[in-house]
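Shown next, in structure tokens, is the structure this report addresses.
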Protein chains: 2
Amino acid sequence: MAQDEVDRLTEAWRHERPDLDVSPMEVLSRVSRLARHLDRARRAAFAEHGLEPWEFDVLAALRRAGEPYELSPGVLLGQTLVTSGTMTARVDKLTARGLVSRRRDEDDRRAVRVRLTEFGKKSVDAALEGLLANERRLLAGLGAEERRRLADLLRTLVLPFDDAPS
Amino acid sequence: MAQDEVDRLTEAWRHERPDLDVSPMEVLSRVSRLARHLDRARRAAFAEHGLEPWEFDVLAALRRAGEPYELSPGVLLGQTLVTSGTMTARVDKLTARGLVSRRRDEDDRRAVRVRLTEFGKKSVDAALEGLLANERRLLAGLGAEERRRLADLLRTLVLPFDDAPS
DNA sequence: TTCATTTATCTTGACATCAAGATTACCTCC
DNA sequence: GGAGGTAATCTTGATGTCAAGATAAATGAA
């Protein structure tokens, strides 16, 4: 198989630091680099539907929640791995664009409900289909069984993080 | 095996959008989420050595280059996947901290050489060892053969990006 | 030689993010 | 029914990043 950037990177490290075992990078550097490439691909895929990646993340969380497509900022925080200040800003901008609406909870007046608008639902549904089409293309190099094994191996690495929430 | 966040996420999508095949997410969402967790782990590991992740990335590229630990901003761009404006800012800050020095090339006066200082070399060498110790811990759940397979599968996904430079 | 093109780097302006703290409202225990 | 503690959200200030364009120098064709 052809060499990728990480092969060259670890080879260089082995030359410069032969005293170290850099083999962990062969897995984890590829994860990081692949994620950066995926971010760019996602950005391009969403741009066709007029959404930024961070906009999709919020809208998708609401969409996944099912009818009536409504969650609190606090729940959205947990699903998107951002801070509260960031979520405030995101909801502000999504509201300004008419993709979601925000209203105060009547029972707990500290709380807020963020709800997908009809426009938001249409946007996120279209963007999701574009995303999946793009992702299928990126995975074309792997067979079904390989994808399954890859997913399983990745799950093993992710699980410790999901268990102990940061 | 226990469920992770991505299992819950795809299950929710299948409930809301039973018409779509969301299986690509089982691989790619895990890559993205794992990368976010790795970023945080890297940040913590580097903090012990007084470096930010972006600082390490630049210093490590110079360190890997070998004696005299000197590269141009343009080459650093390619290795770190950032834009030229970002690299200018990074080199500015690293210079201010005394981790690298910058001087104009004598032959091509458009060009600049960024060189690791002795302090920069010591910092990046120490941080690298901390990073690897941390990465070994994160990979503890996988055996040697599993790591190799995982690395191979990831290489297959990364290669198309490395070939066609964005 | 000279001018247009290309290359290498830097500058600018906008923006998303975070950490820390402020604000407002609920809740529990005396 | 207060008072202190907790919870949910928002505000502020600093920072890192990008996209697009500016600057400056090398290159090549006529």
Side-chain angles (χ1 to χ4, degrees), chain A residues 32 35-37 39-44 46-47 50-59 61 70-97 99-115 165-166, chain B residues 32 35-37 39-44 46-47 50-59 61 70-97 99-115 165-166:
Chain A
S32 293
R36 296 199 76 148
H37 291 303
D39 279 347
R40 296 191 177 184
R42 269 167 44 100
R43 178 173 298 276
F46 291 145
L51 292 181
E52 299 290 321
W54 64 262
E55 293 178 313
F56 178 83
D57 287 340
V58 176
L59 300 181
E70 189 174 80
L71 293 172
S72 71
V75 172
L76 287 170
L77 285 194
Q79 299 225 0
T80 52
L81 305 179
V82 299
T83 61
S84 65
T86 298
M87 188 52 68
T88 298
R90 286 184 174 189
V91 175
D92 283 351
K93 289 163 202 154
L94 289 170
T95 301
R97 286 199 53 197
L99 291 159
V100 305
S101 64
R102 175 159 45 185
R103 65 178 176 76
R104 295 216 85 88
D105 188 302
E106 282 144 14
D107 299 331
D108 182 343
R109 278 183 305 182
R110 293 170 304 183
V112 167
R113 302 302 199 83
V114 180
R115 184 195 286 234
S166 59
Chain B
S32 292
R36 294 198 76 145
H37 292 303
D39 279 347
R40 297 190 176 185
R42 269 166 45 101
R43 178 173 299 276
F46 291 146
L51 292 180
E52 299 289 321
W54 64 263
E55 293 179 312
F56 177 84
D57 287 341
V58 178
L59 300 180
E70 191 173 79
L71 292 173
S72 70
V75 172
L76 287 171
L77 284 195
Q79 299 226 0
T80 53
L81 305 179
V82 298
T83 61
S84 65
T86 298
M87 188 53 67
T88 299
R90 286 184 174 189
V91 174
D92 284 350
K93 289 164 202 154
L94 289 170
T95 301
R97 286 200 52 195
L99 291 160
V100 306
S101 63
R102 174 159 45 185
R103 66 178 176 75
R104 296 215 84 88
D105 188 302
E106 283 144 13
D107 299 331
D108 183 343
R109 278 184 305 180
R110 295 170 303 181
V112 167
R113 302 301 199 82
V114 180
R115 184 195 285 237
S166 61

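To find a chain, count down the sequence lines: A is the first, B the second, and so on, and within it residues start at 1.
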Could you state the atom-to-atom distance from [atom1] of [X] to [atom2] of [N] in whole Å?
{"X": "Trp54(B)", "N": "dC18(D)", "atom1": "CH2", "atom2": "P", "answer": "13 Å"}
{"X": "Arg109(A)", "N": "dT23(C)", "atom1": "CZ", "atom2": "P", "answer": "19 Å"}
{"X": "Leu81(B)", "N": "dG16(D)", "atom1": "CG", "atom2": "C1'", "answer": "16 Å"}
{"X": "Arg42(B)", "N": "dG16(D)", "atom1": "CZ", "atom2": "C1'", "answer": "15 Å"}
{"X": "Lys93(B)", "N": "dC10(C)", "atom1": "NZ", "atom2": "C1'", "answer": "14 Å"}
{"X": "Arg40(A)", "N": "dT17(D)", "atom1": "CZ", "atom2": "C1'", "answer": "11 Å"}
{"X": "Asp39(A)", "N": "dA19(D)", "atom1": "CG", "atom2": "P", "answer": "12 Å"}
{"X": "Glu52(A)", "N": "dA19(D)", "atom1": "CD", "atom2": "P", "answer": "11 Å"}

Hey, which of these two, Glu106(A) or Arg90(A), hits DNA chain C nearer its 5' end, going by closest nucleotide? Arg90(A)
Which residues share a salt bridge (charged side-chain N to carboxylate O under 4.0 Å, His left out) with [X], sequence neighbours left out:
{"X": "Glu52(B)", "result": "Arg43(B)"}
{"X": "Arg109(B)", "result": "none"}
{"X": "Asp39(A)", "result": "none"}
{"X": "Arg102(B)", "result": "Asp92(B)"}

Classify every nucleotide of nucleotides 2-11 of chain D by which part a protein heavy atom approaches to under 4.0 Å, writing B for the base, S for the sugar-phosphate alone and - for neither, in 5'-to-3' order. -----BSSBB
Mind listing the side-chain donor-acceptor pairs of residues 77-87 of chain B below 3.5 Å, one per line with the distance, residues two or more places apart or on another chain?
residue, atom, partner, partner atom, Å
Gln79(B), OE1, Arg64(B), NH2, 2.9
Thr80(B), OG1, Leu76(B), O, 2.7
Thr83(B), OG1, Thr86(B), OG1, 3.2

Can you check whether Arg110(B)'s main-chain N or O pairs, donor with acceptor, with Arg104(B)'s side chain at less than 3.5 Å?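 Here the side-chain-to-backbone pair exists.
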Is the distance from OP1 or OP2 of dC18(D) to the nearest side-chain N or O of Arg43(A) less than 4.0 Å? no
